[in-house]
K.L.:
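Submitted below is the structure of interest, expressed as structure tokens.
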Amino acid sequence: MFEINGSTKLTGIIGMPIEHSVSPQMHNTAFDKLNLNYCYVPIPVKPEDLEKALEGIRMLGFVGVNVTIPHKEAVIPHLDEVTKLARLTGAVNVVLNQEGRLVGYNTDGPGFIDSLKEDAGFDVTGKKVVVLGAGGAAKAVTIMLAQDKVKTMVISDIDYERSEKLCEYINSHFSLAPYACPVKSKELYKSIEECDLLVNATPVGMYPKDKECPIDNSVIFKPETIVYDLVYNPLETKLLKLAKTKGVKPISGIGMLVRQGAVAFSLFTEEEAPVDIMKEAALKALK
Ligand code: NAP
């Protein structure tokens, strides 16, 4: 690893808990590879200490930090500026310290779209999509899908009202009218049968729900459908296994994780991110 000295630039991640994060390994390996005198540290921050921690980022001259659970939304009122996309998403996962001004970005949605393009060769424009879940990740994903002009969108959260609220939100900002479907309903399975892209944005499939699948075996897909699971631990979820047995393309959320990190890396360093190196480091850290 690069030797830390008086010129080392500081970056990191604030959240709670933070031990599970693979971002330190992804970023430090990339700094090392590009011979950049940067360092990335995990910083546990309790919700009640968030404001003081941000002041610390400013005063200690950090170049920037990633922001993760539970601060992605709470951080916004403490920033000097927030990009349009982060404001629309209602969440910030990167804060840059621009000469003492803290600016909030969201790289989750762009990371998802980059991953779809690069990992699946999939362009969302004009496509029919179904998104399972209507929480924070679903919001980031549906905003990008709407911005990139999908043809139709169905949202299905276990809490039907939450699905409806996200549909209304998308409809109020884009010329797209998504519709909400109850989970396990015939309508949902019909929509999946007709869709080009199915996205799982629920925690179903992720440890401790790693033995569960958000849809059942009766599902039918068109042969060219892509199944994207935002869950990346395990890498091959029950849903991705099901997609494989049905003969359609499964894509793991590791791609989104790496690419949101790659966009953040470029914000921190103004260099192009070594995506393959970052992915390798993330996979190693997950093992
Ligand atoms: P969240 O805010 O908790 O939202 C998840 C939503 O899914 C909740 O509304 C939840 O309802 C709902 N849900 C649970 N079981 C469901 C089911 N069987 N069918 C439909 N909806 C269901 O979580 P999040 O932050 O959006 O994250 C969702 C997943 O994405 C997590 O596994 C996270 O690790 C992953 N993620 C991955 C990346 C990446 O880079 N790959 C980035 C962000 C998030 P209840 O709250 O009522 O259970």
Side-chain angles (χ1 to χ4, degrees), residues 69 72-73 88-91 108-109 112-113 116 122 124 126-232 234 237-253 256:
I69 290 167
K72 283 186 177 185
E73 286 138 39
L88 192 60
T89 313
D108 280 331
F112 169 72
I113 293 291
L116 266 180
F122 188 83
V124 303
K127 301 295 195 315
K128 296 181 179 179
V129 301
V130 174
V131 178
L132 307 176
K139 192 172 181 188
V141 160
T142 51
I143 285 172
M144 295 305 292
L145 292 170
Q147 190 169 283
D148 283 2
K149 298 190 168 36
V150 294
K151 186 175 180 187
T152 62
M153 182 186 288
V154 169
I155 299 174
S156 179
D157 192 282
I158 208 156
D159 178 340
Y160 184 71
E161 262 180 42
R162 210 175 291 153
S163 316
E164 279 191 318
K165 262 177 110 174
L166 184 55
C167 288
E168 279 161 26
Y169 187 77
I170 295 293
N171 187 225
S172 67
H173 288 89
F174 299 95
S175 53
L176 179 72
Y179 56 97
C181 260
V183 291
K184 298 192 173 118
S185 65
K186 268 192 185 161
E187 292 164 82
L188 175 63
Y189 280 77
K190 182 91 182 108
S191 304
I192 294 175
E193 193 175 339
E194 290 167 358
C195 80
D196 303 295
L197 171 68
L198 171 67
V199 182
N200 177 36
T202 80
V204 179
M206 182 175 73
Y207 183 81
K209 294 183 176 176
D210 55 332
K211 304 279 181 293
E212 295 172 33
C213 186
I215 52 170
D216 67 48
N217 244 316
S218 67
V219 69
I220 297 169
F221 294 111
K222 296 191 296 189
E224 62 276 21
T225 297
I226 302 276
V227 176
Y228 198 112
D229 200 335
L230 260 54
V231 173
Y232 54 83
T237 59
K238 286 272 175 205
L239 175 63
L240 295 186
K241 277 189 186 135
L242 178 61
K244 227 176 180 179
T245 61
K246 299 273 176 184
V248 297
K249 197 169 187 175
I251 307 283
S252 164
M256 174 175 171

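Positions are given from 1, in the same order as the sequence printed here.
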K.L.:
Check whether Ser163 reaches the backbone of Asp157 with its side chain - one donor and one acceptor, N or O, closer than 3.5 Å.
P.N.:
yes
K.L.:
How many angstroms lie between CE in Met256 and CD1 in Ile251, if you round to the nearest 0.5 Å?
P.N.:
14.0 Å
K.L.:
Is any side-chain heavy atom of Met206 closer than 4.5 Å to one of Lys209?
P.N.:
no
K.L.:
Measure the spacing between CG of Leu132 and CG of Asn200 and express it to the nearest 0.5 Å.
P.N.:
5.5 Å
K.L.:
Say whether, by atom type as modelled, one donor and one acceptor occur between the side chain of Asp196 and the main chain of Lys128 under 3.5 angstrom.
P.N.:
yes
K.L.:
Side chains of Leu145 and Leu197, heavy atoms from C-beta outward: is any pair under 4.5 Å?
P.N.:
yes
K.L.:
Yes or no on salt bridge (charged side-chain N to carboxylate O under 4.0 Å, His left out) for Glu161 and Lys165, after CA distance, side-chain angles and deciding distance?
P.N.:
CA-CA 6 Å; Glu161 262 180 42; Lys165 262 177 110 174; over 6 Å; no
K.L.:
NZ of Lys222: more than 12 outside heavy atoms within 6.0 angstrom?
P.N.:
yes
K.L.:
Any donor-acceptor pair under 3.5 Å linking the side chain of Thr225 with the backbone of Cys195?
P.N.:
yes
K.L.:
Quick one: SG on Cys213 to CG on Leu242, what's the gap to the nearest 0.5 Å?
P.N.:
5.0 Å
K.L.:
Can you tell me if Lys246 uses its side chain to pair, donor with acceptor, with the backbone of Asn217 under 3.5 Å?
P.N.:
yes
K.L.:
To the nearest 0.5 angstrom, please state how far the CG atom of Leu166 sits from the CG atom of Asp159.
P.N.:
11.5 Å
K.L.:
Could you grab the distance from atom CD of Glu194 to atom NZ of Lys190, nearest 0.5 Å is fine?
P.N.:
4.0 Å
K.L.:
How many angstroms lie between CE in Met153 and OG1 in Thr142, if you round to the nearest 0.5 Å?
P.N.:
5.5 Å
K.L.:
Can you find a heavy atom in the side chain of Phe112 that is under 4.5 Å from one in the side chain of Asp108?
P.N.:
no
K.L.:
Judged by atom type as modelled, is there a donor-acceptor pair below 3.5 Å linking the side chain of Tyr189 to the main-chain atoms of Asp216?
P.N.:
yes
K.L.:
Decide yes or no for Val231 and Pro203: does some side-chain heavy atom of the first lie under 4.5 Å from some side-chain heavy atom of the second?
P.N.:
no
K.L.:
Measuring only between side-chain heavy atoms, which start at C-beta, is Val141 closer than 4.5 Å to Tyr228?
P.N.:
no
K.L.:
Indicate yes or no for a side-chain donor-acceptor contact from Tyr169 to the backbone of Ile143 under 3.5 Å, with no hydrogens or angles considered.
P.N.:
no
